[in-house]
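Read through the structure below, which is laid out as structure tokens, and then see the notes.
Worth knowing before you read on, the calculation uses all heavy atoms, side chains too, and leaves out hydrogens, waters and symmetry mates. Here the structure is a predicted model, which is why all the values come from computation and not from measurement.
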Amino acid sequence: MAAIDGQWDCTARTPMGDQRMVLSVSSEGPVFTGSVAGDLGTIDIAGSVDGDSLAWKMEIRSPIPLTLDCSATVTGDSLEGSVTAGMFGSFPMTGTRKG
């Protein structure tokens, strides 16, 4: 199991307020699969892994259709990264490993 694998309680600080989510990650070599579950439902994701860093895109439908570019780096049981929402800018994301 890679250092990034597992479930993460995450918060993205957006103009619409804090968006809480659970990020689930299962890596295999330079790729990972997983999901993001939050108030807007669950979205399956897939992305890339480089050491303790991961990157992925996800499509949301609410409040408007938008592609989010996400990246994060894991240090121990902490995660730090960002969510970029096109013309709306980039927002910080933090997280802690569940359990």
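- Minimum heavy-atom separation, Phe91 to Pro15: CE2-CD, 3.2 Å.
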_Candidate pair Val36 and Thr42, rule side-chain contact (heavy atoms from CB on, under 4.5 Å), full reasoning_ = CA-CA 6 Å; Val36 174; Thr42 300; over 6 Å; no
*Would you please test Met93 and Leu79 for side-chain contact (heavy atoms from CB on, under 4.5 Å) and show each step?*
CA-CA 8 Å; Met93 175 175 57; Leu79 176 147; 4.3 Å; yes
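- Counting only heavy atoms from C-beta outward, the side chains of Trp56 and Asp69 never approach each other to under 4.5 Å.
- A distance of 10.0 Å separates OG1 of Thr73 from CD1 of Ile4, quoted to the nearest 0.5 Å.
- Between the side chain of Arg97 and the main chain of Gly76, a donor-acceptor pair closer than 3.5 Å is present.
- Looking at Thr75, its side chain never comes within 3.5 Å of a backbone N or O of Ser78 through a donor-acceptor pair.
- In this model, a donor atom of one side chain and an acceptor atom of the other lie less than 3.5 Å apart for Asp5 and Ser27.
- Expressed to the nearest 0.5 Å, how far SG of Cys70 lies from CE of Met21 amounts to 7.5 Å.
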*What do the steps show when you test Thr33 against Ser26 for side-chain hydrogen bond (donor to acceptor under 3.5 Å, both in side chains), and what is the final call?*
CA-CA 6 Å; Thr33 57; Ser26 178; 4.9 Å; no
*Kindly determine whether Leu54 and Val25 satisfy side-chain contact (heavy atoms from CB on, under 4.5 Å), including the steps that lead there.*
CA-CA 10 Å; Leu54 56 155; Val25 176; 4.0 Å; yes
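- Atom CG of Asp18 sits in a crowded spot, with more than 12 heavy atoms from other residues, nucleotides or ligands closer than 6.0 Å.
- Under a hydrophobic-cluster definition in which Ile, Leu, Val, Met, Phe, Trp and Tyr are linked whenever side-chain heavy atoms come within less than 4.5 Å, directly or via other members, Val83 and Ile64 are assigned to the same cluster.
- Under the 4.5 Å side-chain contact rule for hydrophobic residues, Ile43 and Val31 do not share a cluster.
- The shortest non-hydrogen separation linking Cys10 to Leu23 is SG-CB, 4.0 Å.
- Annotation: the span from Thr96 atom OG1 to Gln7 atom CD amounts to 11.5 Å, rounded to 0.5 Å.
- Other residues, nucleotides and ligands contribute only 12 or fewer heavy atoms inside 6.0 Å of the CD atom of Glu28.
- Checked by atom type, the side-chain pair Thr94/Thr11 shows no donor-acceptor distance below 3.5 Å.
- Across every non-hydrogen atom of Gly29 and Val49, the tightest pair is O-CB, 3.8 Å.
- The side-chain heavy atoms of Ser82 and Ser90, taken from C-beta on, include a pair separated by under 4.5 Å.
- Put simply, the residue from Asp44, Thr67, Leu68, Leu66 that forms a side chain to side chain contact (heavy atoms under 4.5 Å, CB included) with Met58 is Leu68.
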